[in-house]
Amino acid sequence: MSEVVTKKISAPKIGFVSLGCAKALTDSELILTQLSAEGYETSKTFQGADLVIVNTCGFIDDAVKESLDTIGEALAENGKVIVTGCLGAKTAMDGGNLVRQMHPSVLAVTGPQATQEVMDAVHASLPRPHDPFLDLVPNAFGVAGLKLTPRHYAYIKISEGCNHRCTFCIIPSMRGDLVSRPIGDVLKEAAALFEGGVKELLVISQDTSAYGVDVKYRTGFWNGRPIKTRMLELVQALGEMAQPYGAWVRLHYVYPYPSVDEVIPLMAAGLVLPYLDVPLQHSHPDVLKRMKRPASGEKNLERIQRWRETCPEIVVRSTFIAGFPGETEEEFSHLLEFMREAQIDRTGCFAYSPVQGAAANDLPGMLPAELREERRARFMAVAEAVSVARLRQRVGATMQILVDSAPALGRKGGLGRSYADAPEIDGVVQLMAPEKISKTLRVGEFTKARIVSAVGHDLVAQPF
Ligand code: SF4
């Protein structure tokens, strides 16, 4: 026994910092799973680490700065740093690698989805410990690997890359074209996650509605039965799989293609959450064309209204860009009007900011920064009014809440989310202390609660 402890103490330790979006998080989880399987110890701090891995984000300029600062900090504190992720794939003005140019002393730089390259770089600097004890790392989620999220929810990435070329986005240049994971693999991972205690599965990709396009919706296999690599079949299978666990399935990054209409009845039937994260970015057809957005020719307002007819409880989350190059006051007013009519429940908005390497930088009509910011603020004022009004309509309703935090078994209350709230990006439900003394709240369990008020983006509820 003492021998095992000694060996654990001497395991090489790797500090790991994960920045960026949920897709970057799943890349981090793959690397951490591999490190752990090979016997490396991992930690979230640089302290006492033999080496540091920074998984970076390169999406907008603020994220680039945060990533470069973190690399600088890791170099100053530790000295041995491997960089991976979207920023690692970015080129500098002179065509060289941006990270290498800013921080020449990093050990290695890789792009996103590069578990093997990262592991090769780790092995080169810090040989893997060959230790049968350490190779047997307990793993709650089996084939699904280690997760960075709390144990009761998990992201599942169904594809990598993107076939679109939105003019403001550099993701395809960093992550490449769409590559869908085999549907059997996705379902196997989902099964392991539910079996490991996950109560909410969040489906992510760059374009969930495009799942399977690259493999022409090839037929895969799951549990010995054929199943098409396509969003509808995947969602149906995930929903059916979640039922016995009483778990939620939530869909992110869905574009408003006609094919999505087929998924709405599954929401109405309670198979998956009636929640759709649809990044619309704008409403005016000319702006959408300049953005080269997927489904830009679709009539989004009518489509959302039809979704609501099929499934009245559907919650729509979206993101928008205000002040895109050439946006006229009339086009912007169109966006405000769309927001009022579409009644988007949850909204995020960026003022347009040029991203190095994006095609939109060459579009004519760049607006002054103050005007872009002013439009963002005007848009958010409308969006927040819509959101608050919609939240208020929930007062008096009974909702099922997934508990995220409940100190002292929730005797003084806690925090949770309803089907209308995705983790990290939406509001929360503030749970009051239960009225019944015998009632407890536990993280990762569901409770019923009566909504008593709406405060900002959140709801306050009495659990029962
Ligand atoms: S759909 Fe557009 S914004 Fe989204 S990843 Fe693809 S190119 Fe980028």
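Whatever order the structure lists ligands and atoms in, that order sets their numbers, starting from 1.
Heavy-atom contacts from other residues, nucleotides or ligands closer than 6.0 Å to CD of Glu330 number 12 or fewer.
A salt bridge links Glu374 and Arg378; the closest N-O separation between the charged side-chain nitrogens and carboxylate oxygens is under 4.0 Å. Ion pairing between a basic and an acidic side chain is recognised when a charged N comes within 4.0 Å of a carboxylate O; Arg346 and Asp277 show no such pairing.
Tyr255 counts as a contact of ligand 1, since one of its heavy atoms falls under 4.0 Å from the ligand.
Side-chain atoms of Thr56 come within 3.5 Å of backbone N or O of Thr84 as a donor-acceptor pair.
Applying the ring pair (Phe, Tyr, Trp, His ring centres under 6.0 Å) rule to pairs touching residues 312-347 yields His284-His334, Phe320-Phe379, Phe324-Tyr352, sequence neighbours excluded.
If you check the side chains of Asp426 and His457, you find no donor sitting under 3.5 Å from an acceptor.
Of all protein N, O or S atoms, those under 2.8 Å from atom 2 (Fe) of ligand 1 number 1.
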